[in-house]
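Worksheet for the structure shown next.
Treat the numbers as computed from the prediction; the structure is a model and nothing was measured. Ligands are counted one by one from 1 in listed order, and the atoms in each one are counted from 1 as well.
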Amino acid sequence: MKVSQILKNSSKTQVSFEILPPLKGNNIEAIYAALDSLMIFNPQYVNVTYHREEVVYKQHPSGLLEKKVVHKRPGTIGISAALKYKYGVVVVPHIICGGFTAEETEEALVELNYIGVHNVLAIRGDADKNTRMFMSENGGHTYAIDLVKQIADLNKGIYLDEELQEKTATNFCIGVAGYPEKHNEAPNFNSDLDVLKQKIDVGAEYVVTQMFYDNAHYFRFLDRCQKAGINVPIVAGIKPISIINHLNVIPKTFNVEIPEQLEKLIRNCKSNEDVRNVGIDWSTNQSEELIKSNVPAIHYYTMGKSDNIVKICENVGF
Ligand code: FAD
């Protein structure tokens, strides 16, 4: 089932969960344990993030630094297949530009097609932590729109290798990312919306938003999108705050604002447990308002933790 169909056909707000592949060396059982507790809410689909390689520097006793490239969270395609067949749920692996040549992207898409996964979220990926600038691979894509174009081409049977004799068209439903508070690299809202509109025009069928902590940002974004001629479903991204450090990390990493009231509530907490409960209450209130407004779906960013998301879903009656 295509996610775009799920979103268009449903008369009530749907729920989806975004999970991370475990750190290399860990077992997939941790994912199953998290999902076992979330599957009772009947998610219409589950997203699996993709994590590009990281450059780390190892210091030798001589003082010399050795540069190493490591994939800390591999396995997006394998996990997507495992979840699809274990739970019978629609899975949406993320496909990113970063770290991939166009040829490698095509291979990943062919592989997904073989295992019967026909939904993807096409995104650029973040900048390298060391360079702070997004660098594409030689022969890779610089922007998500180029990735969307490649997938849309494959849906028309256009492969990179023009010499192919047999060219089976794929049937991917493509989702893309949108930013209610603007992407941090975009010079202004209008240019960011132009980019989003272009991603839709070349083949994306729905949008998933960056997390936000004030629903007013989401509703303003819907309005802006409508005025810009973006008429596809816009799924609301929610990530509960669960540790005090999120107050520093989340605004910096994701370019989102933490409302004063939420910050105050968290700073008044006496324990980690209190912080977690404030996060649950805040996301519950956000979710209730979004459901009342009949948003197509809420996409919960689990970031490897499911107990707080379970509580929120129970609270709102998913
Ligand atoms: P793009 O759409 O390419 O936009 C990036 C920036 O470039 C924006 O500022 C945009 O305005 C600008 N831009 C785009 N096209 C052009 C153009 N043609 N000319 C000039 N400027 C342009 N990251 C991961 O690494 N793995 C994940 O699994 C992952 N999942 C995510 C899921 C969701 C729902 C969201 C919202 C984000 C996710 N991210 C993930 C983070 C994402 O990779 C970053 O936010 C990234 O910085 C931007 O991705 P994008 O697809 O929006 O990029």
* Sort out the contact shell of ligand 1: every protein residue with a heavy-atom distance below 4.0 Å, listed by chain and number. => Glu18, Thr49, Tyr50, His94, Ile96, Leu121, Ile123, Arg124, Gly125, Asp126, Tyr143, Ala144, Ala177, Tyr179, His183, Glu185, Ala186, Asp192, Val195, Lys199, Val208, Gln210, Tyr301

* In the hydrophobic clustering (ILVMFWY, side-chain contacts below 4.5 Å, transitive), which residues join Leu160, or is it alone? ->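 Hydrophobic cluster check, Leu160: no partners found.
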
* So among Asn47, Leu7, Thr209, which one has a side-chain contact (heavy atoms from CB on, under 4.5 Å) with Val235? -> Leu7

* Got a sec, which pairs hit salt bridge (charged side-chain N to carboxylate O under 4.0 Å, His left out) with one end in residues 68-84, sequence neighbours left out? -> Glu54-Lys72

* Asked: Can you list the residues that meet the ring pair (Phe, Tyr, Trp, His ring centres under 6.0 Å) rule with Phe41, with sequence neighbours excluded?
  ->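 Residues passing ring pair (Phe, Tyr, Trp, His ring centres under 6.0 Å) with Phe41: none at all.
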
* Sidechain-backbone polar pair: Glu257 side chain, Asp214 backbone, donor-acceptor under 3.5 Å ->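 Flag not set: sc Glu257 to bb Asp214 has no pair under 3.5 Å.
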
* Donor-acceptor contact below 3.5 Å, side chain Thr13 vs main chain Val295 ->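 It does hold such a pair.
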
